[in-house]
Amino acid sequence: MALTVPTYDAILSNILRDIRNLNAEADIGSDSDNYVRSASFAAALEGYYQKLAWLYRQIFPDEADDEEVIHGAGLRGLSLKDAVSSTGPVQLTGTPDVTLLASSRLTHTATGAAFLTVSDVKLSSVGLASVLVRAETPGSQLNNLSGVLTLTSPPLGMSASASFSAATTGGEDAETVDSLEARLLDVMRKPPVGGADYDYERWAKEVDGVSYALVLPKRRGGGSVDIAITGSSGLPSPTVVQACQAHIESLCSVYADVLVFVPTVRVVDSIAQVELEDGYELDAVQVSAQKAYEELLGTLKPKVGLRRSQIETMISSLPGVSDRAVTSPSGNVAASSDSSLIGWIRPGTLTLVPMV
């Protein structure tokens with residue numbers, strides 16, 4: 001039975017009632033000594049009740065304060081995961097055989113964000129090289145960057161101007177207490193047994209930068225365990241994948257052929273004809289439609305397909321839309337067209353056109 005905390009008025013009323021029960025002639029008026037003493041005691045007692053109620057809530061992780069959730073998780077070997085820096089490949093140019101050392105600093109021209117090279121790199125015989133860079137500031141805010149960077153101190157013979165050859169990915173914000181609480185409850189509901197499918201999922205999620213893990217036992221034959229991992233905003237970086245692989249291998253109590261990998265992204269664009277209610281402009285509806293489309297597809301997990309009806313329902317619920325007809329895709333979309341691959345549907349562009 002849940003703890004019920006009486007109010008101050010209820011506590012005071014009970015005390016005054018008991019005084020009158022003990023002495024029917026006792027004065028319990030608001031200006032009496034009995035009332036004053038009872039009121040001061042009721043106020044103090046109310047504070048104790050509130051403390052008891054707080055202590056009661058701390059027993060259960062799903063009701064406890066953040067500090068107590070962190071404390072309880074720590075007792076089970078769980079802790080808040082740190083933020084992870086975005087990474088991306090950068091193209092360098094200059095005189096052949098010139099070397100750029102690891103931890104060299106580059107600045108993104110458009111945003112001013114600082115990046116550091118993760119390894120030494122030497123320009124090829126034609127004066128070109130690609131190197132992976134890591135954002136100096138961790139977090140997801142520097143994902144999807146592209147464009148030009150400037151080397152802070154380029155070596156002699158190397159151009160100070162560089163550019164991303166692909167957009168930055170893999171940045172993750174620090175874990176929230178809600179996420180830690182979910183992992184703690186998962187441990188309590190499904191205690192570790194050293195090799196169950198959910199053990200591999202849990203081990204993967206313990207790694208910084210991993211927010212979801214799909215466990216695929218025996219995918220490559222008996223004794224194999226494959227784990228497809230993702231971040232909260234996209235694919236994890238190769239560094240995160242390697243860290244996850246090493247972490248899981250260190251925890252396996254029985255032999256297993258473990259493979260950690262990222263799913264194959266499948267970007268889905270859509271086109272829909274819409275009929276709008278009076279007073280609505282297509283451009284304004286297009287903005288809200290794109291946002292809703294990204295939210296819809298953003299919830300899909302690896303290996304989960306997209307139903308065309310989901311897009312239709314989403315568009316129908318948009319303010320101002322009285323009718324719709326999705327022309328692309330023409331049917332349901334599988335996560336991957338290749339059954340040997342683990343696909344992950346990601347949102348592309350939703351284009352609205354007037355209904356004819």
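Keep in mind the model is a prediction, meaning the values are calculated, not measured.
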| Do you know the tightest heavy-atom contact between T152 and T107? | OG1-OG1, 4.1 Å

| said: Can a donor-acceptor pair be found, under 3.5 Å and without considering hydrogens, that links the side chain of T109 to the backbone of V148? | reply: yes

| note | Tightest non-hydrogen contact, residues Q141 and P138, listed as NE2-O, 3.4 Å

| Spacing of E201 atom CD and I229 atom CD1 [to the nearest 0.5 Å] | 12.5 Å

| Sidechain N-carboxylate O distance under 4.0 Å for R202, D199 | yes

Just list the side-chain donor-acceptor pairs under 3.5 Å for residues 321-335, sequence neighbours left out, or say none.
unit_1, atom_1, unit_2, atom_2, d
S322, OG, E275, O, 2.9
S322, OG, E275, OE2, 3.3
R324, NE, E312, O, 3.3
R324, NE, S316, OG, 2.5
T327, OG1, I271, O, 3.3
N332, OD1, R308, N, 2.9

Donor-acceptor pairs under 3.5 Å, side chain of residues 75-82 to any protein atom, not counting sequence neighbours: which ones?
unit_1, atom_1, unit_2, atom_2, d
K81, NZ, K205, O, 2.5
K81, NZ, V210, O, 2.5

| For the hydrophobic clusters of this structure (ILVMFWY residues joined by side-chain heavy atoms under 4.5 Å, transitively), does one cluster hold both Y212 and L180? | no

| message | Taking L300's backbone N and O only, do any of them form a donor-acceptor pair with W344's side chain (distance below 3.5 Å, no angle check)? | response | yes

| Where G298 and R346 come nearest, the two heavy atoms and their spacing | O-NH2, 3.5 Å

| request: Look at atom CZ of R307 and say whether more than 12 heavy atoms of other residues, nucleotides or ligands are closer to it than 6.0 Å. | output: no

| field | Within 6.0 Å of NZ in K190, more than 12 heavy atoms from elsewhere | value | yes

| query | If you round to the nearest 0.5 Å, how far is OG of S161 from CG of L151? | reply | 8.5 Å

| query | Can you tell me how far the OH atom of Y293 sits from the CE atom of M314, to the nearest 0.5 Å? | reply | 7.5 Å

| request: Could you tell me whether the side chain of E294 and the main chain of A289 form a donor-acceptor pair under 3.5 Å? | output: no

| request: Take E175 and R183, measure what salt bridge (Lys or Arg N to Asp or Glu O under 4.0 Å) needs, and give me the verdict at the end. | output: CA-CA 11 Å; E175 186 178 24; R183 292 199 291 127; 2.9 Å; yes

| query | Can you tell which of V260, L251, I227 makes a side chain to side chain contact (heavy atoms under 4.5 Å, CB included) with Y200? | reply | I227

| task | Give a yes or no on whether the backbone of L145 and the side-chain of T168 come within a donor-acceptor separation of less than 3.5 Å. | result | yes

| task | Please name the pair of heavy atoms, one in A129 and one in L123, separated by the smallest distance, quoted to 0.1 Å. | result | CB-CD2, 3.6 Å

| Heavy atoms of other groups near I59 CD1, more than 12 under 6.0 Å | yes

| message | When you measure from the side chain of Q58 to the backbone of L55, do you find a donor-acceptor pair of N or O atoms at a distance under 3.5 Å? | response | no

| request: Give a yes or no on whether the ring-centroid distance for Y56 and Y49 is below 6.0 angstrom. | output: no

| Would a distance-only check, ignoring hydrogens and angles, find a side-chain to backbone donor-acceptor pair under 3.5 Å from T95 to V98? | no

| request: Please examine the side chains of L282 and L352, heavy atoms only from C-beta on, and report whether any two atoms are closer than 4.5 Å. | output: yes

| query | Of L185, D186, V187, which meets side chain to side chain contact (heavy atoms under 4.5 Å, CB included) against R189? | reply | L185

| task | Measure the CG-OG1 distance between N144 and T169 for me, rounded to the nearest 0.5 Å. | result | 8.5 Å

| Applying the 4.5 Å side-chain criterion to the ILVMFWY set and letting contacts propagate, would M158 and L149 be lumped into a single cluster? | yes

| said: Please determine whether residues L184 and Y198 belong to a single hydrophobic cluster, defined as Ile, Leu, Val, Met, Phe, Trp and Tyr linked transitively by side-chain heavy-atom distances below 4.5 Å. | reply: no

| query | Should the pair D226-R220 be classified as a salt bridge under the 4.0 Å nitrogen-to-oxygen rule? | reply | yes

| field | Backbone N/O of R37 and side chain of S40: donor-acceptor pair under 3.5 Å | value | yes

| said: Looking at G348, is its backbone amide N or carbonyl O close enough to the side chain of Q290 to form a donor-acceptor pair, meaning the two atoms are under 3.5 Å apart? | reply: yes

| query | Do you see a donor-acceptor pair shorter than 3.5 Å between the side chains of N34 and S32? | reply | no

| Residue pair S233, N143: steps toward the side-chain hydrogen bond (donor to acceptor under 3.5 Å, both in side chains) verdict | CA-CA 9 Å; S233 57; N143 284 340; 3.2 Å; yes

| said: Is there a path of hydrophobic side-chain contacts, each under 4.5 Å between heavy atoms, that joins I11 and Y8? | reply: yes

| From N14 CG over to I19 CD1, what is the distance, rounded to the nearest 0.5 angstrom? | 11.5 Å

| Is the number of heavy atoms from other residues, nucleotides or ligands under 6.0 Å of F261 CZ greater than 12? | yes

| message | Applying a strict under-4.5 Å side-chain criterion to I, L, V, M, F, W and Y, I'd like to know whether I342 and L259 cluster together. | response | yes

| message | Show, in sequence, the C-alpha distance, side-chain angles and deciding distance for S340 and D338, and conclude whether the side-chain hydrogen bond (donor to acceptor under 3.5 Å, both in side chains) test is met. | response | CA-CA 5 Å; S340 65; D338 186 344; 2.7 Å; yes

| In terms of the angle between their ring planes, are H108 and F164 parallel, tilted or perpendicular, with boundaries placed at 30° and 60°? | tilted

| message | Please give me the minimum heavy-atom distance between T117 and L101, naming the atom from each residue. | response | OG1-O, 3.0 Å

| query | Under 3.5 Å, is there a donor-acceptor pair between the side chain of S38 and the main chain of L12? | reply | no

| Rounded to the nearest 0.5 Å, what separation is found between the CG atom of D18 and the CD1 atom of I28? | 10.5 Å

| For V258 and C252, which heavy atoms make the closest approach, and how far apart are they? | CG2-SG, 4.1 Å

| For E172, the option from S140, S232, S86 that meets side-chain hydrogen bond (donor to acceptor under 3.5 Å, both in side chains) | S232

| request: Look only at the side chain of T230 and the backbone of G234, and say whether a donor-acceptor pair between them is shorter than 3.5 Å. | output: no

